[in-house]
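Just the heavy atoms: all of them, side chains too, but no hydrogens, waters or symmetry mates, feed the values below.
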Amino acid sequence: MNFSELFKLSGLLGRFSPDGKCLASCIQHRLVVRDASSLQILQLYICLDQIQYIEWSSDSLFILCAMYKRGIVQVWSLEQPDWHCKIDEGSAGLVASCWSPDGRHILNTTEFHLRITVWSLCTKSVSYIKYPKACQQGMAFTKDGRYMAVAERRDCKDFISIFVCNNWQLLRHFDTETQDLFGIEWAPNGCVLAVWDTCLEYKVLLYSLDGRLLSSYRAYEWPLGIKSIAWSPSSQFLAIGSFDEKVRILNHVTWKKITELDHPATISSKKTIVYKEVEKSPTVDTERLTFPPTRALASSLFSTQSKYEISQVPVSLQYIKPVADRANPKVGVGMLAFSADNCFLATKNDNIPNAVWIWDIRKLKLSVVLEQLCTIQGFQWDPCQPRLAVCTGSSRVYLWSPAGCVVVQVPGEGDFQITSISWHSSGDSMLLLSKDNFCVCYLEREEV
Amino acid sequence: MGDWKAITVPVLSSDSKIIFPYTSERKRSPTSMNTQVLRLSLPSPKNMHSFFGAFCTEENLEQSISYIDRELTTMGFPSIYAESKGKELNLVSIINCMNELLVLQHKNLRAQEEVEIQHLKLGSDMDHLQNCYAKLKEQLELSKREIVGLQERDRQLQSKNRNLHQLLKNEKDEVQKLQNIISSRATQYNHDMKRKEREYNKLKERLHQLVMNKKDKKLAMEVLNYVGRADGKRGAWRTDKTEARNEEEMYKVLLSDYEQRQKQLLLENAELKKVLQQMKKDIISLLPPQKQKPKERSEDGLVLSDQEEDIGELNKENMWELSCETVREQLTNSIRKQWRMLKNHVEKLDNQVSRGHSGAWNEKDVISREDHELETEKLELEIQQCKEMIKTQQQLLQQQLTCDDDTTLLLQDCYLLEERERLQEEWRLFREQKKNFEKERKSFTEAAIRLGLERKAFEEDRGAWLKHQFLSMTADCKLENVTTSSDPDIRLVKSASRQRKPPSVLSPAISPEPCQISQYIAQNSVASEKPAADNMPNLWVESDDKEETE
């Protein structure tokens with residue numbers, strides 16, 4: 001495993017290009033495009049204001065930089081560094097911006113979710129989508145990029161509009177039986193749209209591409225409902241994580257629950273492996289101590305090493321009782337992700353913030369629990385293999401695969417608190433992001 | 001009871017007072033009969049005289065006699081008077097009467113004793129019964145108290161139960177109430193939310209209008225130049241045709257997805273059907289053949305016929321390709337039937353085994369437990385023996401292959417010693433044979449020499465004879481050759497001897513010659529044997545030579 005040096009970053013804005021060749025990162029108002037393997041600077045662009053959001057176009061030729069405060073989106077071309085494009089929303093303001101799947105249209109959501117403006121880079125046309133819903137995931141594109149579903153709300157009722165991305169024609173418009181739609185997501189096969197309601201109401205609706213309601217699922221009525229949803233890559237399963245600390249998995253044939261995955265604080269099953277991260281004090285070679293101490297030595301003295309140990313079952317995990325009278329309590333399954341080969345599901349229960357639960361989907365059983373020292377900030381599956389990278393806000397990166405798991409300390413001076421991980425599309429390298437820096441980690445083929 | 005004293009006949013006295021207390025005493029205490037009896041039977045010796053004296057005195061003698069007579073006669077005794085009206089007493093009858101009275105007294109006393117005994121018995125019985133009665137009463141009391149206690153407890157538990165039920169009901173009611181509250185609050189919130197949302201929408205609309213109207217800042221896009229489409233095609237106008245095409249495409253996508261799923265399901269179905277068929281075949285093969293069990297046939301004859309039909313139908317290759325309802329049902333039904341039959345069969349076997357434990361064996365094709373056990377024992381023994389054999393063989397092999405150096409050397413030495421002895425044996429044999437051969441050679445050479453000599457003699461004779469003949473033939477001519485005849489003999493002998501060493505005597509001449517010859521031959525033979533000896537192991541040749549040299 002090789003680590004690159006730390007580079008400056010702001011706003012956790014570091015992205016690999018979809019074709020994997022370049023890496024874009026932002027420092028305040030500068031956009032730096034580097035080569036993905038050598039990290040040499042290829043291009044440097046300067047925007048008008050502090051960049052809040054960047055996104056690569058699907059063909060990796062353009063990058064959009066959104067500046068919400070100024071309401072401006074600037075688009076840069078990699079092929080032609082002289083080319084420039086600036087989209088100004090004016091007094092409408094800007095809340096969100098994204099590319100369309102063909103890489104030639106930019107969808108801007110104006111302030112107060114007044115409308116979504118579709119700007120075209122090819123033609124002069126502008127389209128508007130009215131009454132978009134102000135929710136977490138109001139817009140969803142199918143994986144093949146053909147269709148877009150937008151959640152709308154008119155007259156206190158939720159609707160869904162399905163557009164054809166080619167020409168932005170409205171294909172279907174139907175209402176949903178939700179109280180207050182919270183999010184929509186397409187299945188990877190592009191034929192089913194999952195729509196779920198706000199957390200006050202546990203309801204998942206499944207609509208076919210042509211707008212028919214296929215099924216609706218409701219696990220219980222009154223307590224807080226859905227917190228997170230994930231489709232399996234084969235579209236066979238829909239995993240629903242809810243506030244009652246359980247994950248319910250629906251199957252695509254009958255859309256009925258096939259299993260409930262519970263997240264108790266005590267793990268007693270003998271077949272589960274629990275990896276516990278333990279600190280090991282650094283061994284200091286007293287003969288090599290010099291005065292004044294070198295920086296590397298100092299950092300190595302103060303940085304704590306850690307390693308994984310297998311804990312004997314039964315294990316009781318650190319459980320945090322949620323505060324009773326706050327909204328959006330830190331309870332329930334807040335993070336869900338399927339592995340790329342559809343065999344594993346990684347979840348995080350927010351009551352037990354230090355643990356990552358890895359479920360074997362073929363057996364529908366808990367296979368591994370990773371217990372970390374700090375709160376899990378995020379995890380990401382490798383896009384090619386069943387390999388999970390976890391970050392906890394320390395300067396260590398944790399990798400798990402069915403062969404085992406490993407802790408890797410990012411070498412370097414100073415504090416590097418990793419809060420986000422992003423894999424390269426080939427699975428050979430990882431982008432580790434912290435508040436002020438980023439680092440690229442290169443993995444060898446035989447690793448883990 | 002009392003001690004019996006001899007009672008003297010009391011003297012009659014006219015004092016009848018004593019009699020009354022006697023009788024009155026009797027009446028006074030009927031319960032304390034014992035003491036009274038004693039008192040009755042034992043008038044105290046003090047009163048004896050007075051008592052006996054009180055009845056009869058000198059004055060009322062005749063009266064007392066007549067009184068006694070009267071009493072006796074009323075009692076059935078004969079009169080004590082000698083005659084009916086006379087005043088003379090019949091002593092004999094008096095004595096008899098007295099005797100009778102005594103006997104009566106004895107009888108009475110005995111009866112009294114018996115009565116007393118019975119009385120005592122009854123008394124003890126009654127005591128016993130009274131004790132029992134008292135005990136039973138106590139028990140009754142106890143059980144009554146227990147019952148009361150249990151009843152009390154029962155009552156308490158019932159009341160507790162009622163309380164708990166009540167609590168449960170209360171809780172349920174509360175829960176229901178809370179749910180109602182929640183639902184009502186939820187509706188309230190929804191209502192409020194809707195109201196706020198409507199207000200918000202209105203604000204948005206207003207804002208939207210303002211934003212659209214203002215247009216001071218150009219909502220515009222500045223682009224250096226427009227970029228071509230990603231797929232290189234030109235943009236198209238939105239028309240109905242495009243709409244229709246969109247719909248078409250969408251349906252195509254959906255249909256392709258469904259088709260794919262259906263294909264997968266078909267494959268799965270086919271596999272499952274194959275598995276079911278396989279299972280069916282296996283089950284059929286597991287079940288015992290139906291012909292040998294007439295019992296079973298009678299039980300489910302109908303089932304069998306159906307089953308055979310099913311087998312006939314469904315074993316056809318083309319049939320399982322169909323997926324129509326009836327075929328599917330038939331398959332599953334037939335499998336269920338087979339499974340049931342298999343289950344029955346297994347149950348029967350279990351029963352047989354359990355029956356076999358008791359020892360009733362009628363079935364031919366079931367091996368008896370003892371036989372089975374014997375077989376297993378035999379097999380185990382065999383296995384044991386084989387294992388032991390294998391072990392020993394392994395050990396031997398081990399020894400041969402991997403011993404340590406000392407043993408290998410020893411072994412090698414042993415082997416070598418063996419060989420050496422063998423070789424020595426052979427060597428001995430060989431020497432014997434050599435000796436024999438030498439002897440034979442000797443004899444042969446002797447024979448050859450003899451033969452030579454004989455030939456020579458013969459030649460000489462022949463020569464002599466020829467000469468003689470010649471001479472005789474030419475005797476007439478000359479007699480000069482007579483002298484030469486001996487010369488050829490001598491010459492011949494000389495020549496013969498020149499070839500060999502000059503002999504003095506023929507036989508001794510021969511013997512050293514053959515000796516020498518034999519020596520020569522022996523040397524030759526030794527020389528010839530030497531290379532033969534080289535064929536033997538070098539070790540031994542060398543040691544032999546060494547021995548020889550030593």
Structural part of A/E111 lying under 4.5 Å from a heavy atom of chain B
neither
Measure distances from B/E197 to the heavy atoms of chain A and classify the residue's part below 4.5 Å as side chain, backbone, both or neither.
side chain
Decide if the gap between the ring center of A/Y147 and the ring center of A/F163 is smaller than 6.0 angstrom.
no
Report yes if some heavy atom in the side chain of A/L193 is under 4.5 Å from a heavy atom in the side chain of A/L209; otherwise report no.
no
Does any heavy atom of chain B fall under 4.5 Å from the side chain of A/S58, the backbone, both, or neither of them?
neither
Verify, without hydrogens or angle tests, whether A/S60 (side chain) and A/D19 (backbone) share a donor-acceptor contact under 3.5 angstrom.
yes
So that I know where these two stand, are A/H173 and A/F159 an aromatic pair - ring centroids less than 6.0 Å apart?
yes
Between A/T109 (side chain) and A/H113 (backbone), is there a donor-acceptor pair under 3.5 Å?
no
Where on B/Y189 is there a heavy atom nearer than 4.5 Å to chain A: the side chain, the backbone, both, or neither?
neither
If contact means a heavy atom pair closer than 4.5 Å, which residues of residues 248-257 of chain B contact chain A?
B/E249, B/M250, B/Y251, B/V253, B/L254, B/D257
So does A/D180 pair up with A/K133, basic N to acidic O under 4.0 Å?
yes
Using the ring pair (Phe, Tyr, Trp, His ring centres under 6.0 Å) rule, collect all pairs that involve residues 58-98 of chain A, keeping only residues at least two apart or in two chains.
A/Y45-A/W76, A/F62-A/W83
Is chain B contacted by the side chain of A/R153, its backbone, both, or neither, given a heavy-atom distance below 4.5 Å?
side chain
Test your reading of the model: is there a side-chain donor-acceptor pair from A/W186 to the backbone of A/A140, 3.5 Å cut-off?
yes
